[in-house]
Amino acid sequence: GRQQPHLDVELMRRLCDALLLTMTTMQGSFLKKRLTEDARSAYFLFGQFIEEVNEFQHCVGEKPTADLRRALKLHKRITDGGPEDEKLAMVTITRLVLACLPPGNDWRDLVDEHEQRSIAPIVEHYKQIIDDDTASYHMPVTGGVVYPPPALYFDRAVGKLVAMFKTDVSLGLTTEQVEERRAFYGTNELPRPVRRPWWRIVWAQLTDLMVLMLCAAIVATAVDGEWKSSIVLAVVVVLNTFVGSWQEIKAGKALSALENLGTTTAQVIRGGVLESIDAINLVPGDLVEIGEGESVPADLRLVFCAQLEIVEGVLTGESVGVTKDPKEIKVRTRQLPLGDCKGNAFMSTLVSHGRGRGIVIRTGCKTEIGKISAAINRSASTVRPTPIQKKLTRLGLWLVVLALLLCAIIVICGVSWGRKFVPIFITGISLAVSVIPEGLVAVTTVTMALGVRRMARRNALVRTLPAVETLGGVTVICSDKTGTLTEGKMGVSELVDANGQLFEFSKSTSRDPNEGEITYSSQGSRTGPATDSASLHLHSIEKHSTAAADMSFVAASMCNNAEIFYDKEAGQWSSLGDATEVAMTIASQKAGLRKSDLTAAASTSASASRSPDGTAMTSSNAAAVPFELLAENAFDSDRKRMSVVYRAVGVDSDGSSATDEKGSNVHMSAAAAAAAAAVGKKCLVTFVKGAPEEILSVCTHQITNTTGFMRRNLGVDGKIVAPAPSAVARDLVACLEGNLVPLSDKLTQAAGETCEMMAGRGLRVLGLAAKVTFVDADAPTSEEALGLEWAESGLVFAGLMGLIDPPRSGIVDSVQRCYSAGIKVIMITGDHIGTATAIAKSIGIIDNSRPGTQRALAGAELDLLSDEATTLLDP
């Protein structure tokens, strides 16, 4: 390997990014997507570059394992089929990648946790083949020790981290290891502010073009004998130089205080001994002890916490201490907000409570505070001139040209008419000096100085006087979406059931479940632009519902940890929990379902929904609850799903079948009735919600297009009266056992198209599913037994729920005013690009009639662009 000559590292880094992005491209319908030929070619080219180019190996070693896991897609490449030699090559490339990474990594780090078990036998089989025939497969030789790159490592377990840094959670590093790492990583020292001596600051003020012109005018007026004018101009120059220099020196002293943020000492364990050392001598891998009242000496990955709380206001602005937990955080992205990094402690933050122990992962300028220090202390040569500096420079050049031209014309004309050269030259100089606006420099200096004072009153520090003008010269505004451009309140806008039937919600963002209504459109799922409601046949949900819609409402209510309640003191409805789950709770209550009526865990909750007069919301039954929670698999960004398993107490095998109030069977097929009547069986019901593609990938059936199993009525107060909870449980189980059809490719494709259209209308789309399982009475029902593999497989697809975060009032007008003022508006968000584009169109950021505003870029695409290409985009 490594037969190629040394190549440019930056070029290899960009090539690595491009290959990783290309390796993820897919084609095909929704769930039937396959990797493209370009993705396959990029994958094998990626492996060849690792083998042949040393610099490429280092670039791969710098990548977080989460990024490599997302790009390699090892599970999909192996399970999609292919010849044996291709699978063998895939495992070989995986080993090549691992050889570039620090110690402590194995192939499981490159595969999602829930996919490891299914491909483990295949990987181990091919690994054995490679081990038996190493001569046929080149392995890279990186030369020397591979040190872990500086990163947060919040997704790594303590054991993995210890192996990567070759340290010990009790003994720490040895003296030899410390010296080797200091030579590689450098010292733990913040970058010092770039300080210019006072004479250079004064010189920079005096060499400004407008000031030079004033100096020339001083000389010219003095030569002409105009001493008063010379003195006035000299005073202007001195005043301008003094004010500008004084402001920069003062700001420089304030910025230099950042040096004091570095901790002077640290408690470190080396060779099993706790000692106090200068923090500057810390290296990655060191084991550091922190306690109450101490400042964190470097960026740490915590391995032990005892009621540890850290104030991270210097980084996040939050003055409240953050409770720390050494447990790893499993996420796909590396862009986790600092406030969510519960397993990390950051340099210069303060321990407000408890104590902890952590492994140093970043030092010096690689720390978060070091990045801030480096950004502030950029040298003046890298700072672009402000708009007023550009304009004054341009004006000065024109004035110089005009002054010289006037002087030349006067001298030439005077000499031509027979005048003496010296008097006519002095006259020409006087006219040239008169062109110079002597008061301009003074006016701009005083104006900017006043602006600096106003900014200081608002606790903003301005380093140089011209910088204060840039605020008024803004040409681009970059804004977050959620809570800034939008209200920050989620609400369910639409429900499309498994058969494409559309249900719409009015007043969707209201926290009051009694406000608004749910209407069914007989036209079916909306496949185009919004249609005038007058042209549709609309029915309220108590008059028309479907089994799939009812199942969706039950799943939204049961697979949920949010609560809403009426706060008497505040006189308004309040909520607890995630905004998305709150919206789903409100939607299900509008449909007449309350989790507290159905579950034992919530039946005694004091925060059950109450009407404004304090009474319980309308319900037709207060009998014993029919569902008992057995297990919950929390949502995570790898699975993009959440699942809960309940025991349907009222449907356990007691020899009875589901009956209505009159005693007749309700939606109970023969198979379902036989299953329910089987002696010694327990009925388990699973509800799942999550990303539509992830939900559909674990579904095998969907509910047929039949009438809803929840028979709703309107009470005397006009509110929906839900059926008895026990009836809901029996009818739900019967529906999941009998009203099903296999989920074919055609149905999956239809669901995918519906999801894409909902996202195109600016909705965040969630899929809902459920299943019922009868198990033996003595079968284990612990959380371990009812794990992910069992709970999230063989599901029945129920529907898609679309949530909206509506634009803020007046935001459209604000965007238009920005464009009218020549200011471009750019929205930055973590939403799906289709959803983000739809919202941007609705508020006027994307406008087909306005050139240059029809572009939407994913973050990965933007990262691949060079600085030159980014500039050409003209954001």
Check your understanding: Atom SG of Cys407 and atom CG of Leu402: how far apart are they, to the nearest 0.5 Å?
Key -> 11.5 Å

Check your understanding: Do Glu368 and Arg362 sit within salt-bridge range, that is, some charged N less than 4.0 Å from a carboxylate O?
Key -> yes

Review point. If you round to the nearest 0.5 Å, how far is OG of Ser352 from CD of Glu309?
Key: 5.0 Å

Review point. Does CZ in Arg355 sit with more than 12 non-hydrogen atoms of other residues, nucleotides or ligands closer than 6.0 Å?
Key: no

Review point. Can you tell me how far the CG atom of Asp805 sits from the CD1 atom of Ile839, to the nearest 0.5 Å?
Key: 7.0 Å

Review point. Quick one: does Val815's side chain get under 4.5 Å of Val812's, heavy atoms only?
Key: no

Practice item. Would you confirm whether Asn188, through its side chain, and Pro297, through its main-chain N or O, come within 3.5 Å as a donor-acceptor pair? Key: yes

Exercise for review: Answer whether the closest heavy-atom distance between the side chains of Thr241 and Trp203 falls below 4.5 Å.
Suggested key: no

Review point. What's the shortest heavy-atom distance between Val314 and Ser348, and which atoms?
Key: CG1-O, 4.0 Å

Check your understanding: Atom CG of Asn281 and atom OG1 of Thr363: how far apart are they, to the nearest 0.5 Å?
Key -> 11.0 Å

**Study point:** Within-4.5 Å side-chain heavy-atom neighbours: Leu20 and Asp67
**Key:** no

Check your understanding: Which heavy atom of Val237 sits nearest a heavy atom of Cys215, and at what distance?
Key -> CG1-SG, 4.4 Å

Study note, to complete from the structure: Taking every heavy atom of Glu294 against every heavy atom of Leu350, the minimum-distance pair comes out as O-CD1, 3.4 Å

Point to revise | Minimum side-chain heavy-atom gap Asp17-Leu21 below 4.5 Å | key: no

Exercise for review: Would you check, one step at a time, whether the test side-chain contact (heavy atoms from CB on, under 4.5 Å) holds for Phe165 with Ile361?
Suggested key: CA-CA 9 Å; Phe165 283 92; Ile361 52 176; 4.0 Å; yes

**Study point:** Student check: side-chain heavy atoms of Phe346 and Leu152 closer than 4.5 Å
**Key:** yes

Exercise for review: Please say whether more than 12 non-hydrogen atoms of neighbouring residues, nucleotides or ligands are located less than 6.0 Å from NZ in Lys841.
Suggested key: no

Point to revise | Full working for side-chain contact (heavy atoms from CB on, under 4.5 Å) between His58 and Val9 | key: CA-CA 9 Å; His58 290 292; Val9 175; over 6 Å; no

Review point. For the residue pair Cys16 and Lys63, what are the closest heavy atoms and their distance?
Key: SG-CE, 4.1 Å

Check your understanding: Which heavy atom of Ala345 sits nearest a heavy atom of Ile290, and at what distance?
Key -> CB-CD1, 4.4 Å

**Study point:** For Cys818, the option from Ile845, Asp813, Ile823 that meets side chain to side chain contact (heavy atoms under 4.5 Å, CB included)
**Key:** Ile823

Check your understanding: Do Val296 and Val351 touch side chain to side chain, with heavy atoms closer than 4.5 Å?
Key -> yes

Check your understanding: Is there a side-chain contact (heavy atoms from CB on, under 4.5 Å) between Val322 and Thr349 once you walk through the steps?
Key -> CA-CA 11 Å; Val322 178; Thr349 56; over 6 Å; no

Point to revise | Option passing side chain to side chain contact (heavy atoms under 4.5 Å, CB included) with Leu300 (candidates Ile310, Val360, Ile359, Thr367) | key: Val360

Point to revise | Atom pair CG (Asn344) and CZ (Arg301), whose distance is rounded to the nearest 0.5 Å | key: 6.0 Å

Check your understanding: What distance do Ile477 atom CD1 and Lys824 atom NZ have between them, rounded to the nearest 0.5 Å?
Key -> 13.0 Å

Review point. With a 4.5 Å heavy-atom cut-off, do Pro284 and Pro148 have their side chains touching?
Key: no

Practice item. Quick one: do Met827 and Ser479 satisfy side-chain contact (heavy atoms from CB on, under 4.5 Å)? Show the steps, please. Key: CA-CA 5 Å; Met827 184 175 74; Ser479 173; 5.9 Å; no

**Study point:** Contact summary for Gly414 and Ile424, nearest pair of heavy atoms
**Key:** CA-CG1, 3.7 Å

Check your understanding: Taking everything shown except Arg419 itself, do over 12 heavy atoms lie less than 6.0 Å from its CZ?
Key -> no

Practice item. Compare all side-chain heavy atoms of Ile843 with those of Val825 and state whether any distance is below 4.5 angstrom. Key: no

Point to revise | Heavy atoms of other groups near Lys366 NZ, more than 12 under 6.0 Å | key: no

